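Taking it in order: structure first as C-alpha cells, then the write-up.
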Amino acid sequence: LSQSPLNTKEFPLFYIKVYPNPAHTMLQIHTQHDINAQATIYNTLGIPVLLHQLNGNTNHLDISQLPSGVYYIKIHNDKQYYSQKIIIQH
C-alpha cells in the first residue's frame with residue numbers, strides 16, 4: 001500500500017464499517033455521517049484492483065469480478081484515511 005502524507009489523520013475506527021468480511025459478491029461501506037471519499041481495493045502485491053467513489057453514508061461495491069483471496073481496502077479523502085484487510089470468497 002502506498003504511504004499517506006504525514007498530515008493525514010486516520011478516520012476514527014467507529015466511523016467506518018466495511019462488511020461483510022469475508023465477502024462474496026458485494027461489499028458494503030457504512031459511515032455515521034455522509035462521506036465524500038475514494039475507496040481503493042489493493043491485492044496483496046499492493047496493486048489497485050478496484051476504485052470506487054464514495055458518497056453519502058452507505059455505499060455498495062461490486063466485488064464479484066475479483067478472484068477469491070486476501071485484499072486491503074483503503075478509504076481516503078484529502079484529510080483522513082482508513083484501511084482494513086478484507087477476504088473475498090466465491
Side-chain angles (χ1 to χ4, degrees):
L1 295 173
S2 62
Q3 296 294 320
S4 298
L6 294 176
N7 63 351
T8 304
K9 296 180 182 176
E10 185 173 356
F11 285 108
L13 293 178
F14 61 86
Y15 187 66
I16 295 177
K17 183 176 182 182
V18 179
Y19 61 96
N21 194 10
H24 300 286
T25 59
M26 194 68 65
L27 196 62
Q28 189 162 333
I29 300 171
H30 182 75
T31 60
Q32 289 179 340
H33 305 287
D34 286 350
I35 187 173
N36 183 11
Q38 176 86 27
T40 307
I41 295 181
Y42 297 88
N43 65 17
T44 54
L45 299 175
I47 299 169
V49 294
L50 182 68
L51 302 172
H52 186 81
Q53 183 65 38
L54 305 177
N55 294 299
N57 69 341
T58 301
N59 290 268
H60 299 85
L61 279 70
D62 180 1
I63 56 168
S64 62
Q65 300 300 314
L66 296 177
S68 295
V70 175
Y71 295 85
Y72 298 89
I73 185 166
K74 183 176 181 183
I75 300 167
H76 57 93
N77 62 18
D78 293 340
K79 298 178 184 177
Q80 298 176 313
Y81 73 94
Y82 172 83
S83 60
Q84 177 181 327
K85 181 169 107 175
I86 57 172
I87 297 171
I88 297 176
Q89 295 177 338
H90 296 294

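A quick note: this is a predicted structure, and the numbers were derived from the prediction, not measured. Computation of the quantities below employed the complete heavy-atom set of this structure, encompassing side-chain atoms and omitting hydrogens, waters and symmetry-equivalent molecules.
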| Once you round to the nearest 0.5 Å, how far does NE2 of His33 lie from OG1 of Thr31? | 8.0 Å

| request: With sequence neighbours excluded, tell me which residues meet side chain to side chain contact (heavy atoms under 4.5 Å, CB included) with His90. | output: Ser68, Ile88

| note | Value for CG (Asn57) from CD1 (Ile29), rounded to nearest 0.5 Å, stands at 12.0 Å

| field | Gap separating the OH atom of Tyr82 from the CD1 atom of Ile75, nearest 0.5 angstrom | value | 7.0 Å

| said: Among Leu66, Ile73, Leu50, which residue satisfies the side chain to side chain contact (heavy atoms under 4.5 Å, CB included) criterion with Leu27? | reply: Ile73

| request: Would you please name every residue forming a side chain to side chain contact (heavy atoms under 4.5 Å, CB included) with Pro22, sequence neighbours left out? | output: Ile87, Gln89

| field | Partners meeting side chain to side chain contact (heavy atoms under 4.5 Å, CB included) with Gln28 (sequence neighbours left out) | value | Tyr19, Thr58, His60

| field | Residues which pass side-chain hydrogen bond (donor to acceptor under 3.5 Å, both in side chains) with Asp62, listed by chain and number, not counting sequence neighbours | value | Ser64

| task | Only pairs at least two apart or in different chains count here, so list each side-chain hydrogen bond (donor to acceptor under 3.5 Å, both in side chains) that has a residue in residues 44-53. | result | Asn36-Gln53

| request: Measure the spacing between CD1 of Ile41 and NZ of Lys74 and express it to the nearest 0.5 Å. | output: 14.0 Å

| Should Asn21 and Gln84 count as side-chain neighbours, where that means a heavy-atom distance under 4.5 Å? | yes

| said: I'd like to check the side chain to side chain contact (heavy atoms under 4.5 Å, CB included) partners of Thr40; sequence neighbours left out, ordered by chain and number. | reply: Gln38, Tyr42, Pro48, Leu51, His76

